[in-house]
Engineer: 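I have a structure here, written as structure tokens, and I will follow up with some questions on it.
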Amino acid sequence: MRQELNIWVVGGDLRQVKLAQLLTDDGHWVQTYAMERRPDPNTMPGSDTLRGIDHAQCVILPLPVTVDDGVLNAPLSDQKIPVKTVLDALRPGQIVCAGRVSPELASYAQSNNLNLQDYFAREELEIKNAVPTVEGAIQIAMEELPTTLFGARVLVIGFGRLGKLLAHRLKGLGARVTVSALNYADLAWIESYGYWSEHTNQLDGWLGGYQLVINTVPARVLDGARLHDLDAGTLVIDLASKPGGVDLEAAANLGVKVIWALSLPGKVAPVTSGKIIRDTVYHILQEVEL
């Protein structure tokens with residue numbers, strides 16, 4: 001990868017602010033857009049328009065790249081910018097790195113002949129991103145529970161990257177950890193690690209007795225019937241991306257406290273998260289031989 005690249009960082013939260021600072025520190029010429037309310041706005045160049053973005057060797061869009069209705073995810077800006085407006089300003093062949101790209105957006109980028117890379121789809125990012133997500137979830141649990149995690153009965157739903165790390169961290173804190181999964185091989189691993197196991201499709205009627213339930217599965221696994229099985233006072237933390245894994249309306253009607261903890265890395269560890277995105281973007285640029 002060449003040094004002193006022209007890179008635009010467009011939109012995003014404090015993760016992208018730190019990302020822009022890190023890229024600048026690495027010697028690149030960095031321009032920001034749609035983050036005019038960032039802390040210390042005078043520390044690096046910021047543009048009020050997209051003029052010149054087509055000269056960038058790499059454009060980095062946020063994680064997730066859009067919010068509702070295809071609007072650029074830009075919580076540090078007062079503007080509502082359709083993400084397609086940004087893509088329309090780019091030249092054919094331009095390298096664009098973005099997080100959690102929808103099929104529609106990927107198709108639109110392809111029709112504009114853009115080289116769109118989804119850095120959230122990279123395994124190295126997802127693994128590293130699990131660390132601040134898990135730490136953030138445990139922080140929420142410690143703040144919200146009236147008891148310690150030590151000795152608490154905890155159910156982790158799902159045994160993917162987040163589920164594995166959550167179970168490990170919670171057991172290290174002395175929690176009595178049960179993990180549910182769909183795959184029988186995963187259930188075998190769960191038991192081999194010393195956790196109690198449950199099959200996710202067979203949780204009905206078995207959700208009583210937990211002080212904390214943490215869902216990592218991006219599917220509706222906690223419907224009204226299952227929420228009804230929880231003990232009074234059980235805390236539910238949902239780490240699944242939209243549309244989430246919990247029936248929030250049913251939870252509200254039942255008086256179940258649910259915290260839908262989206263984008264935890266950007267909230268609890270923006271510095272670490274910015275480094276993770278930077279490193280992953282560098283991997284992408286090395287692979288395309290930029």
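Quick caveat: nothing in here was measured; it's all calculated off a predicted structure.
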Engineer: Charged N to carboxylate O under 4.0 angstrom, R278 versus D26?
Structural biologist: yes
Engineer: Between the side chains of D88 and Y108, does any donor sit under 3.5 Å from an acceptor?
Structural biologist: yes
Engineer: Go through the steps to decide whether E123 and L125 satisfy the test side chain to side chain contact (heavy atoms under 4.5 Å, CB included), and finish with yes or no.
Structural biologist: CA-CA 5 Å; E123 185 71 10; L125 183 138; over 6 Å; no
Engineer: Angle class for the Y195/F159 ring planes (parallel below 30°, perpendicular above 60°, tilted otherwise)?
Structural biologist: perpendicular
Engineer: With a 3.5 Å distance limit and no angle check, can you tell me whether D247 reaches the backbone of E249 through a side-chain donor-acceptor pair?
Structural biologist: yes
Engineer: Taking the side chain as C-beta and beyond, is there a heavy-atom pair between Y119 and L63 under 4.5 Å?
Structural biologist: yes
Engineer: Can you give me the closest heavy-atom contact between L116 and A109, atom names plus distance?
Structural biologist: CD2-CB, 3.6 Å
Engineer: Cluster question for you: counting only ILVMFWY and a side-chain heavy-atom cut-off of under 4.5 Å, with indirect links fine, are W29 and L285 together?
Structural biologist: no
Engineer: Work out which heavy atom in N115 is nearest to a heavy atom in G93; give both atom names and the distance.
Structural biologist: CB-O, 4.1 Å
Engineer: Measure the shortest side-chain to side-chain distance between S273 and K128 over non-hydrogen atoms and say whether it is less than 4.5 angstrom.
Structural biologist: no
Engineer: Under a 4.5 Å cut-off applied to non-hydrogen side-chain atoms, are R169 and I138 in contact?
Structural biologist: yes
Engineer: Spell out, as yes or no, whether a donor-acceptor pair under 3.5 Å connects the side chain of R38 to the backbone of V17.
Structural biologist: no
Engineer: Check the hydrophobic clustering (I, L, V, M, F, W, Y; side-chain heavy atoms under 4.5 Å; chains of links allowed) and say if Y282 and V288 are grouped together.
Structural biologist: yes
Engineer: If you define the side chain from C-beta out and look only at heavy atoms, does anything of W196 sit under 4.5 Å from R176?
Structural biologist: yes
Engineer: Closest approach of A106 and V101, non-hydrogen atoms and distance?
Structural biologist: N-CG1, 3.7 Å
Engineer: Counting only N and O atoms by type, is there a donor-acceptor contact under 3.5 Å from the side chain of D231 to the main-chain atoms of T234?
Structural biologist: no
Engineer: How many angstroms lie between atom CD1 of I140 and atom CE of M142, to the nearest 0.5 angstrom?
Structural biologist: 12.0 Å
Engineer: Evaluate the side-chain proximity of N73 to V65: yes if any heavy-atom separation is below 4.5 Å, no if none is.
Structural biologist: no
Engineer: For the atom pair CD1 (I277) and CD (Q16), what is the distance rounded to the nearest 0.5 Å?
Structural biologist: 4.5 Å
Engineer: Between CD of Q117 and CD of E287, what distance do you get to the nearest 0.5 Å?
Structural biologist: 7.5 Å
Engineer: Counting heavy atoms not belonging to Q110, are there more than 12 under 6.0 Å from its CD?
Structural biologist: no
Engineer: Indicate the atoms forming the closest heavy-atom contact of L264 with T133, along with that distance.
Structural biologist: CD1-O, 3.5 Å
Engineer: Taking atom NE2 of H228 as the centre, does the number of heavy atoms from other residues, nucleotides or ligands within less than 6.0 Å exceed 12?
Structural biologist: no
Engineer: Should Q211 and V154 be marked as a side chain to side chain contact (heavy atoms under 4.5 Å, CB included) after you check the CA-CA gap, both sets of side-chain angles, and the distance that decides it?
Structural biologist: CA-CA 6 Å; Q211 284 83 54; V154 180; over 6 Å; no
Engineer: I need the T32 OG1 to Q21 CD distance, nearest 0.5 Å.
Structural biologist: 10.0 Å
Engineer: Applying side chain to side chain contact (heavy atoms under 4.5 Å, CB included), run through Y33 and L50 and close with a yes or a no.
Structural biologist: CA-CA 7 Å; Y33 175 71; L50 291 168; 3.5 Å; yes
Engineer: Determine whether P82 and V71 make a side-chain contact, defined as any pair of heavy atoms from C-beta on separated by less than 4.5 Å.
Structural biologist: no
Engineer: Using side-chain heavy atoms (C-beta onward) and a distance below 4.5 Å, is S102 in contact with S107?
Structural biologist: no
Engineer: Could you check whether any side-chain N or O of Q57 sits under 3.5 Å from a backbone N or O of N6, counting only pairs where one atom can act as donor and the other as acceptor?
Structural biologist: yes
Engineer: What's the spacing between L23 CG and H28 NE2 if we round to 0.5 Å?
Structural biologist: 6.0 Å
Engineer: Could you see if L162 belongs to whatever hydrophobic cluster contains F120? Use Ile, Leu, Val, Met, Phe, Trp, Tyr and a side-chain cutoff under 4.5 Å.
Structural biologist: no
Engineer: Could you give the distance from NZ (K18) to CD1 (I276), rounded to the nearest 0.5 Å?
Structural biologist: 13.0 Å
Engineer: Which atom names give the shortest non-hydrogen contact between A261 and I237, and what distance separates them?
Structural biologist: CB-CG2, 4.3 Å
Engineer: Do other residues, nucleotides or ligands put more than 12 heavy atoms under 6.0 Å from K267 NZ?
Structural biologist: yes
Engineer: Run through N215, D186, T200 and flag the one making a side-chain hydrogen bond (donor to acceptor under 3.5 Å, both in side chains) with S180.
Structural biologist: T200
Engineer: Determine whether more than 12 heavy atoms belonging to other residues, nucleotides or ligands lie under 6.0 Å from atom CG of N201.
Structural biologist: yes
Engineer: Any side-chain donor-acceptor pair under 3.5 Å between E191 and S197?
Structural biologist: yes
Engineer: Thinking salt bridges, do D118 and R100 make one under a 4.0 Å N-O criterion?
Structural biologist: no
Engineer: When you look at I60 and V10, which way does the side chain to side chain contact (heavy atoms under 4.5 Å, CB included) test go after all the steps?
Structural biologist: CA-CA 6 Å; I60 305 175; V10 176; over 6 Å; no
Engineer: Just checking Q202: does its CD atom have more than 12 heavy atoms from other residues, nucleotides or ligands closer to it than 6.0 angstrom?
Structural biologist: yes
Engineer: Would you say V131 ends up clustered with L22 if hydrophobic residues are merged whenever their side chains have heavy atoms under 4.5 Å apart, either directly or through other cluster members?
Structural biologist: no
Engineer: Counting only heavy atoms from other residues, nucleotides and ligands, does the tally under 6.0 Å from CH2 of W206 exceed 12?
Structural biologist: no
Engineer: If we ignore hydrogens and angles and just use 3.5 Å, is the side chain of Q94 paired with the main-chain N or O of R91 as donor and acceptor?
Structural biologist: yes
Engineer: May I ask you to check whether T178 and E198 show a side-chain donor-acceptor distance below 3.5 Å?
Structural biologist: no
Engineer: Would you say CD of E104 has more than 12 non-hydrogen atoms from neighbouring residues, nucleotides or ligands within 6.0 angstrom?
Structural biologist: no
Engineer: D238 side chain to G245 main-chain N or O, any donor-acceptor pair under 3.5 Å?
Structural biologist: yes
Engineer: Restricting to non-hydrogen atoms, name the atom on L182 and the atom on H199 that form the minimum distance, rounded to 0.1 Å.
Structural biologist: O-NE2, 3.2 Å
Engineer: Hey, what else clusters with L248 if you join Ile, Leu, Val, Met, Phe, Trp, Tyr whenever side-chain heavy atoms sit under 4.5 Å?
Structural biologist: L155, I157, L203, L207, Y210, V213, V217, V221, L222, L227, L230, V236, V246, L254, V256, V258, W260, L262
Engineer: Side chains of Q139 and E143: donor-acceptor distance under 3.5 Å anywhere?
Structural biologist: yes
Engineer: Is I95 reachable from L19 through a run of hydrophobic residues whose side-chain heavy atoms are each under 4.5 Å from the next?
Structural biologist: yes
Engineer: Do S47 and W8 have side chains that get closer than 4.5 Å, going by heavy atoms?
Structural biologist: yes
Engineer: May I have the step-by-step check of salt bridge (charged side-chain N to carboxylate O under 4.0 Å, His left out) for R37 and D78, ending in yes or no?
Structural biologist: CA-CA 8 Å; R37 289 193 286 104; D78 294 324; 3.0 Å; yes
